[in-house]
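Note sheet for the following structure.
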Amino acid sequence: MIALSGVWLTLGERHVLKDVSFDVQAGQTKVILGASGSGKTTILRVILGLYRPDRGSILVDGQEISGLDERNLTRVRQNMAMVFQSAALFDSLTVRENVGYRLWEQGRLSDDVIEQTVQESLQFVGLADTIDKMPAELSGGMRKRVGIARALASGAKVLLYDEPTGGLDPINVCMISRLITKLRTKGITQVVVTHDLDAAYRVADRIVMIQRGRVIFDGPPDGLRQSDDPAIRGFIDPGTLTNGWEAFAKPPEPVD
Amino acid sequence: MATPGEQLSRSEAGGSGLAWWFHLRTTLFGYLLVVQEFTALCGQAIVGLVTPPWYVRETIYQIDRIGVGSVFIVVLTGMFTGMVLALQGAVQLEPYGATIYVSRLISTSVVRELGPVLAALMIAGRVGSGIASEIASMKVTEQIDALRAEGTDPVQKLVSTRLLACILMIPVLTIITNGIAIFGGWLIARLYLGIDSYFYWTWAFEAIQQRDIVVGLVKPAVFGFIIGMVGCYAGFQTKGGTVGVGLSTTQSMVSSSILILATDFFLTKLFMAMP
């Protein structure tokens, strides 16, 4: 469904992604794990075409998107939806308008059908009663769930999540992990960026681990748990680190 | 993030005495980049105006917000400008016994210059900075990226609609400013200077030529373009969270004001040179 091959990206004076390669099969939930600033969110933005890579190939549903112009990218994005780290709900619109935004923009469905889709999506995330509220009236966890409802209502085949559990209390983390797991059973392809190990183990079919813009692991959750790689061990159990913290804290390498 | 120009200067200056030259070149390079980006955004916005989808509801909303929402400040601007012009004009005309002609002074100066420029400056403060801060906030809260992710062209949705609203509404607001300014002048002329209303209005309208009306409508449309585009550009260029939002708002206000004044000069020269 999604395949990245040899992707390099420089932002400003830093190599943010270095030779990143992995794929996501249809219906799979892939978690991209890594420390803050390791390039996880950038990968999502590259998949969505918000950043154009310097080198490498990105295939989405068999189509190479790295060279597409904005108009064609818009067409590709019709099959994808992203849940942003800040939820990125449109401030000036109600929850109903946010969730049904793409459907109203496309104008292919009647208002009644869109309304029903919006209500179903909000019911799925347990927020049917917030339909007439403004985003400012919602808590952080509720905003994230509305973000998921918006992604769901769009009918996208691929859902991308940027830190869906970041900054939330354990109950909301659990709730959102359950939603992602529920969607996995529905056969939706999902890419989840997080640094939350528990959430990653809970939802992942496979895990990719990124360190300073490079893929250092790509495999099943059990493989990550059992890995002897010191970089992976250091991330999974930072208490065992006696030195080498800087390997996780360093920013991406500067351009030569 | 260093611009390509900055990277170039760092690598080439190398601590030599020519550092100031590289600094100058970097600065000029930066300005050129801004001009290039601004021009590209203008092009995209204009293309967005003539290609579907048409954001009719959004455009009407912006027309209401920019136009109707600004009526009060342009009324105040026009009223006080006209009143002050009447007072000052009377002082200058009195030694020649020509106080009765104060309405000519007011109507021509307001329709040709003061109305368009003062209305545009006031609207740049209210609308331009509002556009900049709104788009800047959307940028730092990832809403612009969310629009793109939802398959919407943010330039067409946010810039083209605001640009059209500014181009349509600022001439209307300028006409209101002009009318109110002449009315404010009449209040002073009638109540303070004792000029007969018939003479005031007769001289006021007689002084305005067809050309003045054309100039007085073309200028606000151009100023509307400047206010809309500079506000949107400043918003889209925002970096660095809430501090960036504040900087963009200020940048929009300052750049719009300077561009309005400079453009006014060149438009005036252009219209004067025309037969």
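Letters A, B, ... are given to chains in the order of the sequence lines, protein chains preceding strands, and every chain is numbered from 1. Worth knowing before you read on, the calculation uses all heavy atoms, side chains too, and leaves out hydrogens, waters and symmetry mates.
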Legend entry - Contact origin within A/Leu73 toward chain B - heavy atom pairs under 4.5 Å: neither
Legend entry - Side chain / backbone / both / neither for A/Gln85 at chain B, heavy atoms under 4.5 Å: both
Legend entry - chain B neighbours within residues 40-56 of chain A, where any heavy atom lies under 4.5 Å away: A/Arg45, A/Leu48, A/Gly49, A/Leu50
Inset, instruction - Locate the shortest heavy-atom distance separating B/Glu142 from A/Asp162; write the atom from each residue and the value. - result: OE2-OD2, 4.4 Å
Inset, instruction - Would you mind reporting whether B/Asp153 and A/Glu70 have side-chain heavy atoms less than 4.5 Å apart? - result: no
Legend entry - Distance (rounded to the nearest 0.5 Å) between B/Glu150 CD and A/Gln78 CD: 9.0 Å
Inset, instruction - Would you mind checking which part of B/Leu147 comes under 4.5 Å of any heavy atom in chain A, side chain (CB onward), backbone (N, CA, C, O), both or neither? - result: both
Legend entry - The single option from B/Met138, B/Gln143, B/Glu134 passing side-chain contact (heavy atoms from CB on, under 4.5 Å) against A/Asp91: B/Gln143
Legend entry - Most contacts with chain A, counted as non-hydrogen pairs under 4.5 angstrom, among B/Ala149, B/Ser137, B/Pro53: B/Ala149
Inset, instruction - Please report the shortest heavy-atom distance between B/Lys157 and A/Tyr101, naming the atom on each side. - result: CE-OH, 3.6 Å
